[in-house]
Amino acid sequence: MKIRRTSFFFLLVSLMLAQILAQPDDAESASPEYFAVKRPAQFSQPLSKIGFGSCVHQDKPVSIFNPMYEEHPDLFLMIGDNIYGDTNDIQVLRAKYAKQFSHPEVKKFVTTYPIMAVWDDHDYGENDGDTKYSIKKNSQKLFMDVFSEPLNSPRRKQEGVYEAKIFGPPGQRVQVIMLDVRYFRSDFTPVPEEKKKANPKLGNYMPNPDPKLTMLGEVQWKWLKEQLKKPAEIRLIASGVQVISYEHGLESWGMLPHERQRFLDLLKEMKSEGVILLSGDQHVAELAWLKEGPLGYPLYDFTSSGLNQATSRPQIFSDSSFRLELVPKINNYGMIEIDWKQKDPEIRLIAKGEQGEVLFQRKLRLSELKKK
């Protein structure tokens, strides 16, 4: 009888241990099938259609992925808030990704077209999150699994999810640089409550000129400089938050003005041509620019935000020194179309709505993105 009880005890312990080991304890566990996102190859052909978007909540309808699918993009950039995680529990983050990528529209899209992705705060895991986020390392591992980063990729070994790729032959090269504006970012300075009560139109944050604060961290800054040394005709630089606009007092590079200036100075130092900035976060479609920027040509910041999270927050309607176009309230995605067949290639920056309708567009010539 003692032997039977002992055997039963060891059998029970063995079953319990097997169950524990079967649970995914971190993001290195095998990814479910619906995380099989299509990764881009190094295209030998030039890119002519690049889509991008941000801010898609897993609990809301995702029908906008249908017109995006019909665009047949050569490449699509998911530039942040790819889920609304907002948790310190890695299993909650995992479940929200699972829900997002189990939507038929999303799953069909991300398994058909090549995807490059970077995070912003909500998929990082914390609203307005910065370098202090407690599970950022596990969140990064999960992010790499979700977006099918190869297990032997150097990107899995670095801190932060930034990456860059160059597509197309000489003369028609498009460099895509995806910046991580969360992993290393310093605290933003909140607007005091008494000031917000006195002026409800004020945003959440105020600029802090302290040069010790950082947006990218020194390792990523060094990496970015190396990327800008590489030859390319067009450079698309994606940031989860806006680079140029900041007067709304919401999250942006302007809340760390030293870093914003450092970014502009680096572009000038590297004599970077063909630069177009892409951003998200604001839940509107917007086009802003530095008309007389440091590069000797206009620097555009094309914001597409609200794949299903469009809103009409009053701060957005404050006067802006940089705004060219603004469309609130309508879920949207962005398209960059390049006509390489023309002697001076035409670049179209197009914001599109839930039915694929054009909300605004700006036509440029590649020569306009070169120092005069």
Any side-chain donor near an acceptor of the partner, Q242 and D301, under 3.5 Å | no
### Query
Any side-chain donor paired with an acceptor under 3.5 Å for S134 and N88?
yes
Are L290 and L264 side-chain neighbours, meaning at least one heavy-atom pair lies under 4.5 Å? yes
Notebook entry, point to check: Do T189 and M255 come within less than 4.5 Å of each other through their side chains, counting heavy atoms only?
Noted result: no
- Query: Are the side chain of K49 and the backbone of E71 linked by a donor-acceptor contact shorter than 3.5 Å?
  - Reply: yes
Item to complete: Check the pair D59, K99 against salt bridge (charged side-chain N to carboxylate O under 4.0 Å, His left out), reporting the backbone distance first and the verdict last.
Response: CA-CA 8 Å; D59 295 333; K99 185 171 186 179; 2.7 Å; yes
Show your reasoning for whether side chain to side chain donor-acceptor pair (under 3.5 Å) applies to T87 and K96. CA-CA 10 Å; T87 180; K96 290 183 176 182; over 6 Å; no
Quiz item: Do P40 and M116 touch side chain to side chain, with heavy atoms closer than 4.5 Å?
Solution: yes
Checklist line | Polar side-chain atom of E247 near backbone of S321 as donor-acceptor pair, under 3.5 Å | finding: yes
Check: Under 6.0 Å between the ring centres of F65 and Y333?
Finding: no
From the list I79, D81, D180, D128, side-chain contact (heavy atoms from CB on, under 4.5 Å) partner of D120 resolves to D81
Review point. For R365 and Q342, what are the C-alpha separation, side-chain angles and deciding distance, and is it a side-chain contact (heavy atoms from CB on, under 4.5 Å)?
Key: CA-CA 10 Å; R365 294 290 179 177; Q342 299 190 38; 2.2 Å; yes
Answer whether the closest heavy-atom distance between the side chains of F302 and L277 falls below 4.5 Å. no
I50 reachable from I166 in the ILVMFWY side-chain graph, under 4.5 Å edges: no
- Query: Quick check, are the ring centers of Y133 and Y124 under 6.0 angstrom apart?
  - Reply: yes
Do D86 and H122 pass the side chain to side chain donor-acceptor pair (under 3.5 Å) test, and can you show the C-alpha distance, the side-chain angles, and the key distance before you say yes or no? CA-CA 6 Å; D86 304 322; H122 294 288; 2.8 Å; yes
Check: Are any of the side-chain heavy atoms of E357 and I330 separated by less than 4.5 Å?
Finding: yes
| said: I want to check something: taking the side chain as every heavy atom from C-beta on, are L250 and Y205 in contact at a cut-off of under 4.5 Å? | reply: no
Test the K372-Y297 pair against the cation-pi criterion, namely NZ or CZ under 6.0 angstrom from the six-membered ring centroid and within 45° of the ring axis. no
- request: Would you sort out whether L278 and T303 count as a side-chain contact (heavy atoms from CB on, under 4.5 Å), showing the intermediate values?
  value: CA-CA 6 Å; L278 308 177; T303 300; over 6 Å; no
For Q227, is there any backbone N or O sitting under 3.5 Å from a side-chain donor or acceptor partner on Q175?
yes
Worksheet item: Is the charged tip of R362 near the ring of W289: under 6.0 Å from the six-membered ring centre and within 45° of its axis?
Response: yes
When clusters are formed by joining ILVMFWY residues with side-chain heavy atoms under 4.5 Å apart, either directly or through shared neighbours, do V92 and M144 land in the same one? no
Between V191 and N204, does the side-chain contact (heavy atoms from CB on, under 4.5 Å) criterion hold? Intermediate values first, please.
CA-CA 6 Å; V191 174; N204 299 328; 6.0 Å; no
Using modelled atom types only, decide if a donor and an acceptor are shared between the side chain of D74 and the backbone of S48 within a distance under 3.5 Å.
yes
Worksheet item: Do other residues, nucleotides or ligands put more than 12 heavy atoms under 6.0 Å from Q45 CD?
Response: no
- Task: Using atom types as modelled and distance alone, determine if a side-chain donor or acceptor of N82 lies under 3.5 Å from a backbone N or O of V118.
- Result: yes
Quiz item: Okay, side chain of E105, backbone of H103: is any donor-acceptor separation there less than 3.5 Å?
Solution: no
| Any donor-acceptor N or O pair under 3.5 Å, side chains W221, E259 | yes
Between I237 and the options L299, L267, V176, V243, the side-chain contact (heavy atoms from CB on, under 4.5 Å) test singles out L267
Is a side-chain donor-acceptor pair under 3.5 Å present for K352 with S304? no
| Between W119 and R182, is there a cation-pi geometry (under 6.0 Å to ring centre, at most 45° from the normal)? | no
- Could you go through the salt bridge (charged side-chain N to carboxylate O under 4.0 Å, His left out) check for K141 and E159 one step at a time? CA-CA 10 Å; K141 291 176 183 178; E159 291 190 283; over 6 Å; no
Q) Are I135 and Y84 grouped together when hydrophobic residues (ILVMFWY) are joined by side-chain heavy atoms under 4.5 angstrom apart? A) no
- request: Before giving the answer on side-chain contact (heavy atoms from CB on, under 4.5 Å), spell out for K225 and M270 the whole-Å C-alpha distance, their side-chain angles and the decisive distance to 0.1 Å.
  value: CA-CA 8 Å; K225 185 173 183 177; M270 304 310 295; 3.9 Å; yes
Measure centre to centre between the rings of Y183 and Y162, then say whether the value is under 6.0 Å. no
| task | Count the heavy atoms of every other residue, nucleotide or ligand shown that sit under 6.0 Å from NZ of K343, and state whether that count exceeds 12. | result | no
ask   = What about Y246 and W253, are their ring centers closer than 6.0 Å?
value = no
Is it true that atom CD of Q355 has more than 12 heavy atoms of other residues, nucleotides or ligands lying nearer than 6.0 Å?
no
Next on the checklist: Would you say that R185 contacts T214 through its side chain, given a criterion of any heavy-atom pair below 4.5 Å between the two side chains?
Outcome noted: no
Quiz item: Passes salt bridge (charged side-chain N to carboxylate O under 4.0 Å, His left out), K371 versus E273? Steps please.
Solution: CA-CA 7 Å; K371 187 174 181 179; E273 295 187 331; over 6 Å; no
Check: Is a side-chain N or O of S153 found less than 3.5 angstrom from the main chain of E149, in a donor-acceptor match?
Finding: no
* F322 ring centre to R260 NZ or CZ under 6.0 Å, with the angle to the axis within 45°? -> yes
Next on the checklist: Treating K38 as the side-chain partner and T112 as the backbone partner, does any N or O pair qualify as donor plus acceptor under 3.5 Å?
Outcome noted: yes
Does S186 reach the main-chain N or O of L213 with its side chain, forming a donor-acceptor pair under 3.5 Å?
-> no
Sidechain-backbone polar pair: N332 side chain, L307 backbone, donor-acceptor under 3.5 Å:
no
*Establish whether M335 and I115 are linked, either directly or via other cluster members, by ILVMFWY side-chain heavy-atom contacts under 4.5 Å.*
yes
Output, in order, the C-alpha distance, side-chain angles, deciding distance and verdict of salt bridge (charged side-chain N to carboxylate O under 4.0 Å, His left out) for D130 and K132. CA-CA 6 Å; D130 55 35; K132 299 191 304 296; 3.3 Å; yes
Exercise. Under a 4.5 Å cut-off applied to non-hydrogen side-chain atoms, are L75 and Y113 in contact?
Worked result: no
*Would you call the rings of F143 and Y97 parallel, tilted or perpendicular, where under 30° means parallel and over 60° means perpendicular?*
perpendicular
